[in-house]
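Taking it in order: structure first as structure tokens, then the write-up.
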Amino acid sequence: MVRFDTVTVSYGNTSIIQDITFGVEEFERVVLYGKSGSGKSTVLTTIVGAHIPESGTVYFGEEAVNKRNIGEVRRTVSCIGQEPVLGAEKTRDALLLPFSYRAHRGKAPPDEQINRILHDLQLDHEILEKDVSFLSSGEKQRIAIARALLLDKKIFLLDEVTSALDIESKRAVLQLFTSTPYTIISVSHDPDWFKICSRFIKIANGRIVEITATPDPAMYAVNGED
Amino acid sequence: MEAINISYRAMIILYALITVPVLICFFLKLGNVKQILIAVLRMTVQLAAMGLYLDFLFRFNNVWVNFGWVILMIAIANITVNRNSGLRTARMFLTVMLGLTISAFFVIVIFIFIAIRPEPFYDARYLIPISGMVIGNCMRANTIALERFYASIKKNEREFLTYLLMGATLREAALPYIRESVKSALAPHLATLATLGLVSLPGMMTGQILGGSTPIVAIKYQIGIMIAIFTAITVTTVLNLLLSLKVAFNEYSILKRDIFRN
């Protein structure tokens, strides 16, 4: 589904990630972990063309990510960070913002669909009328996830997505991502999140150190250093 | 009726006036006395040169020289815009030149060639000062707009990427930043328009009255130039921001780092 083939990304003379090679199958859930500044987030954002590799290739499906298919890649992938960007003053406007773009114009979801997704994420529908600035970090994250679901995204790039959530909200998010098969590439330090993932990629100084199929107890120690 | 000439002796008295701010700054230890003296010297040299070239332009009054001069003013404004907005002139020169030229000539054609109709139409007495006022104001507005726009996208890269990931085209993703930048660029001019004649003194009108025009004629020119300037800065800021997207973003619609000076 997504594959890195010896990808190196640099800023000036400094390499942020080096010779990154790994692949993610459809419906697989993968975690990147490692210390802050090790290049995990750069790996995520390189998939959606935020950085052009200095060398190596990122594949999306069978095709290399390039200027012709980057639009399609971005329409398929959702990238949600710790402090998600909502881009509007009212929550409803934030949820419906993508439908003001030409790519989704005229495809705004009906209220029932919005309410169902909000319900799945344990959000009250009254949140729609709230000012975004009054939402908690956890609510903002769930609104960003709701928006991605409304756009029918298939691949999620999640950067510490459960870090700001309380136990109940986290349970709702975990339930949502496990009940429907999505391809997920995540950055996380959350042991609860590890439980729903099947592959663990350790990154240090911009390089992949190891890829394991089970959470390594040492991971928790590494995470503690962050 | 012409304005009363100021004698050279009177000019010495006017220059002596500068000792007042110099002494105030010196005693307050503001550390800017040298800066003030250099600024006054520069102003004198620049205005003397301006007097000489305006005198030449008015006497010569040639269509090619006049329009060439307007283009030169636009080119200088272009370099100033890029330098003051922290962008590399080499990268942005062509797009800013195009944006400034289109907007400046758009209002020059309407204001001078259609409304005033001097004989000949390229008369330097009208073309040069009016173009200068329009281009000068466009320069300030573009500096604000380009600086705000690119600084804002650089600062909010993640936000910008989020818009792209929601399916926005480059132009759609840039739109919120374009709105804010244009608003910032227009704000000082809107404030000037609203208070003209109350707080700020209309420069063109004052000059015309001193030059012998009737207040009614002077007011018509002042209104005309204010509308022309406001139209030009609105067109030029929007146009320049839109045109610059082509050169400032890569094929993945991500901001290029090498457009910035630092």
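Naming: A, B, ... by sequence-line order, numbering from 1 per chain. No experiment lies behind these values; they were computed from the predicted model shown.
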Listing needed: what donor-acceptor pairs below 3.5 Å join chain A with chain B?
{"unit_1": "A/V65", "atom_1": "O", "unit_2": "B/Y252", "atom_2": "OH", "d": "3.0"}
{"unit_1": "A/R74", "atom_1": "NH1", "unit_2": "B/Y252", "atom_2": "O", "d": "2.8"}
{"unit_1": "A/R74", "atom_1": "NH2", "unit_2": "B/Y252", "atom_2": "O", "d": "2.7"}
{"unit_1": "A/R102", "atom_1": "N", "unit_2": "B/E172", "atom_2": "OE2", "d": "2.7"}
{"unit_1": "A/H104", "atom_1": "NE2", "unit_2": "B/M166", "atom_2": "O", "d": "3.0"}
{"unit_1": "A/K153", "atom_1": "NZ", "unit_2": "B/L165", "atom_2": "O", "d": "2.5"}

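- No more than 12 heavy atoms of other residues, nucleotides or ligands lie within 6.0 Å of CZ in B/F106, so this atom counts as exposed by the packing criterion.
- With a 4.5 Å cut-off on non-hydrogen atoms, A/L86 does not touch chain B at all.
- Proximity to chain A involves both the backbone and the side chain of B/L165, based on heavy atoms less than 4.5 angstrom apart.
- With chain B as partner, the option from A/V85, A/I80, A/I70 having the largest number of non-hydrogen pairs under 4.5 angstrom is A/V85.
- For the salt bridge (Lys or Arg N to Asp or Glu O under 4.0 Å) condition, the pairs that include at least one residue of residues 10-22 of chain A, sequence neighbours left out, are A/D19-A/R207.
- A/V73 does not touch chain B: none of its heavy atoms, backbone or side chain, sits under 4.5 Å away.
- Listed by chain and residue number, nothing satisfies the side-chain hydrogen bond (donor to acceptor under 3.5 Å, both in side chains) test with A/E126 (two or more places apart in sequence, or in another chain).
- Here B/F249 pairs with B/F160 under the ring-ring contact (aromatic ring centres under 6.0 Å, His included) rule; sequence neighbours left out.
- Heavy atoms only, all atoms of each residue included: A/A103 and B/G167 are closest at CB-O, 3.5 Å.
- Between A/A50 and B/L161, the closest heavy-atom pair is CB-CD2, 3.8 Å.
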